[in-house]
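Please read the structure below before turning to the comments.
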Amino acid sequence: MPRYNPATIERKWQKYWEENRTFATPRLPAGEKLYVLDMFPYPSGDGLHVGHPEGYTATDIVSRYQRMRGKCVMHPMGWDAFGLPAEQHAKRTGTHPRITTERNIANFRRQLKMIGFSYDWQRELATTDLEYFRWTQFIFLVLYDTWFDPGEERGRPIAELPIPDEVAAEGEDAVRRYRDEHRLAYQLEAPVNWCPALGTVLANEEVVGGVSERGGHPVVRIPMRQWMLRITAYADRLERDLDLLDWSESIKALQRNWIGRSTGAEVDFFIGSRPAPDGMPSQEEFEQFVVERIQGRGFPSRPGADVLRVYTTRPDTLFGATYMVIAPEHPFVQRLTLPEHADAVRVYCEQASRKSDLDRTDLAKEKTGVFTGSYAVNPVNGKAIPIWVADYVLISYGTGAIMAVPAHDTRDFEFARQYGLPIVAVVDPGDQEGVDRRAVLAGQAPFTGDGTAIASGRFTGLATAEFKKAITEDLEHKGLGRFAVNYKLRDWLFSRQHFWGEPFPVLHELDDQGNPTGRTVALRPDELPVDLPEEMAFDASHDRPEPPLEKAPASWLYVTRDGRRYKRETNTMPQWAGSCWYYLRFLDPHNDKALVDPEVEKAWMPVDLYVGGAEHAVLHLLYARFWHKVLYDRGYVSTPEPFMKLVNQGMILGEMEFTGYQDAAGNWVSASEAKRHPEGLRPVKLDASDVEKREEGFVLKADPNIRIESRAYKMSKSRGNVVNPDHIVRDYGADSLRLYEMFMGPLEAVKPWSMEGVNGVRGFLDRVWRMVVDQHAEQMALNPAVQPLAPSAEQNRVLHKTIKAVTEDIEQMAFNTAIARMMEFVNFFLKQDPRPKSCMETFVLLLSPFAPHIAEELWQLLGHDQTLAYHPWPACDEDALREETIEIPVQINGKLRGRIQVPSDADPEVIDHTARENPRIASYLEGKTVVKTIVVPRRLVNYVLKG
RNA sequence: GUCGGCGUGGCGGAAUAGGCAGACGCUGGAGACUUAAAAUCUCCUCCCCGUAAGGGGGUGAGGGUUCGAGUCCCUCCGCCGACACCA
């Protein structure tokens, strides 16, 4: 009784593939290569989620398809295995994170193998393998050894950094410091985002709205020594090279937005060479300053103590600057504060420093600030304007100081209103829709768009764009300003206070007393790897931002090298580090001489298709591209970009849910009402049979006045709507899981899970099985209808239509429609008796990338003793598609009024003639004048009538 | 607020290049087989009028271009996602 039993055949073929190393990939591609990559998973303790196999099935289909097309496919899998959960587990239980991690990896590996993905498991790697992170540390040394040459726009060895004479004259220490300041990996004492709940410092990117991106815990800012990576040096190239990539415009937009390039000007406002008692720089000094700039020194690369340098994207509004603002952390705060304002300023800055980012960006918040008592002189008109301190100016962007133009900037406008500062319009908006010109000119409303300059000296009358150019050139000429570019992107905070991460290959020198001298040295590549200490006590109390490795055994922590004592760096690298280059290591995972053999790298790179979740659209992809570019500059890789084509799979939500609301007394309340006043209401989960559709939404069957909320939610443990792939495979089979995940809808769409849908595709596979297999036989045998006959013309047409559609759909990654076409094939051939064996064979090949286990089983039954994994993909015979006659619709005034049969190659005259002869059409045309006849061969006929 | 994406039956979704809206699947209904149930098979399933033949309407709303619009253009509404004082 050979019924379709996935449990048996899936195990059988997985064993076959493993024993025969069916999917092993050669060191160098034989023939045309294709590198198909999944974003490797973090092996969490919860195991695989149905979201994982979505992208993995898509890439597996492409991989299997392309192997059959003769491509040499690289398709590896590994583990992004460093991470906080294993460490937190260690704190609770004392189990070493390595143990937990290995256990989780084993579970993930089991689950992925159970779904039948065609990975080359010989290439499996984990970022936590010593032999892997040895090379992560090596890449850190490359970053440490590199400076960015802005002239050549590329990273170069630090030894090639030109040392200015005045630095060289100061001696060896000065040169060392100068180099350290230019490395791509550098240290910085800076306020960091300490998250007490997670026990770590977070990157700026990991803090969203003042709370941690993961878990939503509060974040406070405290100063700490940190490792930073100079990603900002590559901002321009990271933005520009997006043009080389076949990525969706929305992901590119996300990255561009994140990089946030803006252009404008830097301008120096004179504040006097020393503080004046009344805060007012003297007029003579200002004039002297201007003359000096014009005649001699020009615009200094770094601002001196006599100016406040600002960055603006609107140099054309310089004449409208009525005050200035510096960030509370700006180094000039003290110097600019007059004694009578000192208390207020000190209090304000202290408050600002205590505020989390959340408080500082609070939406509804009114703007706050204090006056320093000092003034700066506007270089374009010599007017002195007051300098304020306010936290709406960020120290980390631009120069940390702005010129405020309240008439033409919303934020400045709000602030000026708040503190009664003057508002002077210098841009006339003219007549624009939605702009109250009179209010703008009267300083009663801000206008931030482009217009025509007014009250701007000799620039008056210029259009915004021209003005910007003209005044920037003028300022540049006078040495008072210069063209400037800024980015929202910040340097990458690269150290974490974790145990479970890659140790830095860095030593800190100690003096005779055992105190740090402040000198840092990097290890030599031959001193790698630096492993984590085995013996560690995992301390549950970790409420200070002190790295756990501070408590490592002294034997690990202290190193003597060339007679000097050193202490190891105790920070570790963030989880991103390992995932920044794993795609390179897959190519050559066991190489102990190099991170990747250049010959191998050249042969396989770049990644041709990269599939993963949109949650990595910004950070992972930006970081990986950054590292790749540094490796490119330093000659380790041959391509400027790592990932040519990127596809983001959409999230899979839980099953659709109906929710009604009841008040305390148990009365139903409409969902729309509940949204406005949720107090005291209780959500009640309803069954689909309790609700019905009425007009624009669902209502309670028992009371149609009550509206019901219907939507699918993100899967979560707390909601109890998580679907476990283990259960699906157990109850329906891996092929059904794969097929359903692809049939749900377009790969990139967000879509809800449906158990009934899984059951539906299982029904399809059952039908496929019955189409080929004799269910009534004792042993595996062909269905008696399957005969070694030549197909009829119609059978052949259906077959080749299916080949064509499935092939095109796979090429476009439209897997849902490919499956629909195969369903149509089965619906047709189940009714055919006899069914030509050759049609069955071809169909099995088409099905195999989607449902490889059942396909292999049927292929074997059809008489083949080799895997179909490398069997040539079926070719479509266009001749077989040709039909003798086709049906085309006939319209009258655009309305469908009939159909006619015509020869498929009929020309317009024949079609027109046939249509007019059709009795139904003829009756419509009778007595009317045909004004126009449209005949589209093979498509339709349309008659336009008069009257 | 800014940027990006999306609005099609009871549900998931199809619809080359502007050319028959609703492929395929689910759900629901009717029937066949069966002692019965499951499984399987057949038919129906966008809405309205009509016994039917047929007719009318319909792709978030309104307008436009066109012989013809789900598809192109404009305005608006709604949902989802990202960013959010970046000067």
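Residue numbers start from 1 in every chain, and the chains themselves are labelled A, B, ... in the order their sequence lines are given, proteins ahead of strands.
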Answer with base, sugar-phosphate or nothing: what part of the nucleic acid does A:V750 contact at a heavy-atom distance below 4.0 Å?
-> sugar-phosphate

What N/O pairs connect the protein and nucleotides 53-59 of chain B at under 3.5 Å? Give each pair on its own line.
| unit_1 | atom_1 | unit_2 | atom_2 | d |
| --- | --- | --- | --- | --- |
| B:rG55 | OP1 | A:Y924 | OH | 2.7 |
| B:rG56 | OP1 | A:R897 | NH2 | 3.2 |
| B:rG56 | OP2 | A:R897 | NH1 | 3.1 |
| B:rG57 | OP2 | A:K895 | NZ | 3.4 |

B:rA87 versus B:rG81 - spacing of their P atoms, nearest Å | 26 Å

For A:I900 against A:V902, the heavy-atom pair lying closest together | CD1-CG1, 3.8 Å

By the Watson-Crick or G-U definition, both distances under 3.5 Å, B:rA82 is matched with B:rU2

Which value, in whole Å, describes the distance between the C1' atoms of nucleotides B:rU8 and B:rA21?
-> 8 Å

Less than 4.0 Å between a side-chain N and a carboxylate O, is that true for A:D316 and A:K468?
-> no

Is the phosphate of B:rC41, meaning OP1 or OP2, less than 4.0 Å from a side-chain N or O of A:R770?
-> yes

Between B:rU42 atom P and A:F828 atom CZ, what is the distance in whole Å?
-> 14 Å

Remember a base hit wins even if backbone is also touched, and classify A:K831 as base, sugar-phosphate or nothing at under 4.0 Å, heavy atoms.
-> sugar-phosphate

Separation of A:Q255 atom CD from B:rC83 atom P, in whole Å?
-> 13 Å

Is any side-chain N of the basic residue among A:E414 and A:R417 closer than 4.0 Å to the acidic one's carboxylate O?
-> no

Return the value, rounded to whole Å, for the distance between atom CD of A:Q775 and atom P of B:rC41.
-> 10 Å

Is A:L318 close to A:N378 at the side-chain level, that is, under 4.5 Å between some pair of heavy atoms?
-> yes

For A:S262, report the nucleic acid contact type (base, sugar-phosphate, nothing); a contact means any heavy atom under 4.0 Å.
-> sugar-phosphate

Tell me, for nucleotides 61-72 of chain B in 5' to 3' order, what letter each nucleotide earns: B for a base near a protein heavy atom under 4.0 Å, S for only sugar-phosphate near one, - for neither?
-> ------B-----

Testing B:rG12, B:rC85, B:rG10 for proximity to the side chain of A:F698, the answer is B:rG10

Are A:K804 and A:E808 ion-paired here, with the side-chain N under 4.0 Å from a carboxylate O?
-> yes

Anti/syn call for B:rG60, syn if |chi| within 90° | anti

Ignoring the backbone of A:K751, work out which of B:rG13, B:rC83, B:rA87 is nearest its side chain.
-> B:rG13

Sequence neighbours excluded, the answer for side chain to side chain donor-acceptor pair (under 3.5 Å) partners of A:Y419 is none

List in chain and number order the residues that pass side chain to side chain contact (heavy atoms under 4.5 Å, CB included) with A:Y323, two or more places apart in sequence or in another chain; answer none if no residue qualifies.
-> A:V325, A:P386, A:W388, A:Y392, A:A404, A:P406, A:D412, A:F415, A:A416, A:L421

A:V944, A:N942, A:D912 screened by side chain to side chain contact (heavy atoms under 4.5 Å, CB included) with A:T933, the one that passes | A:D912

In terms of side-chain heavy atoms of A:P752, which of B:rG12, B:rC20, B:rA87 is nearest?
-> B:rG12

Distance in angstrom units between A:E878 CD and B:rU16 C1', rounded | 13 Å

Give A:L254 one of three labels, base, sugar-phosphate or nothing, depending on what nucleic acid heavy atoms sit under 4.0 Å from its own.
-> sugar-phosphate

If you measure from the P atom in B:rG13 to the same atom in B:rG29, how many Å do you get, rounded?
-> 24 Å

Distance between the C1' atoms of B:rA30 and B:rG18, in whole angstroms?
-> 40 Å

Under 4.5 Å between any side-chain heavy atoms of A:P2 and A:Q775, yes or no?
-> no

For nucleotides 22-32 of chain B, read 5' to 3', which letter fits each nucleotide if B means a protein heavy atom sits under 4.0 Å from the base, S means only the sugar-phosphate is that close, and - means neither?
-> -BBSSS-----

Got a salt bridge between A:R797 and A:E883, using NZ or NE/NH1/NH2 to carboxylate O under 4.0 Å?
-> yes

Would you mind pulling out the nucleotide paired to B:rU75, Watson-Crick or G-U wobble, both distances under 3.5 Å?
-> B:rA61

Pair A:N759-A:Y740, side-chain donor/acceptor within less than 3.5 Å = no

Winner on side-chain proximity to A:V393, out of B:rC3, B:rC20, B:rA87, is B:rA87

With rounding to whole Å, what would you report as the distance between B:rG54 and B:rA69 at their C1' atoms?
-> 26 Å

Non-neighbouring partners of A:T807 that pass side chain to side chain donor-acceptor pair (under 3.5 Å), sequence neighbours left out = A:W873

Side-chain N,O (A:T410) to OP1/OP2 (B:rG1) below 4.0 Å | no

Determine whether any donor atom in the side chain of A:K488 lies under 3.5 Å from an acceptor atom in the base of B:rC83, or the reverse, and answer yes or no.
-> no

Can you figure out which of B:rC20, B:rC80, B:rC85 approaches the side chain of A:R711 most closely?
-> B:rC80

Separation of B:rC83 atom C1' from A:L619 atom CG, nearest Å, is 12 Å

What's the closest nucleotide to the A:S250 side chain, out of B:rC20, B:rA87, B:rG4?
-> B:rG4

Geometric class of the A:W769/A:Y4 ring pair [parallel <30°, tilted 30-60°, perpendicular >60°] = tilted

Heavy-atom closest pair, residues A:H408 and A:V426 | NE2-N, 2.9 Å

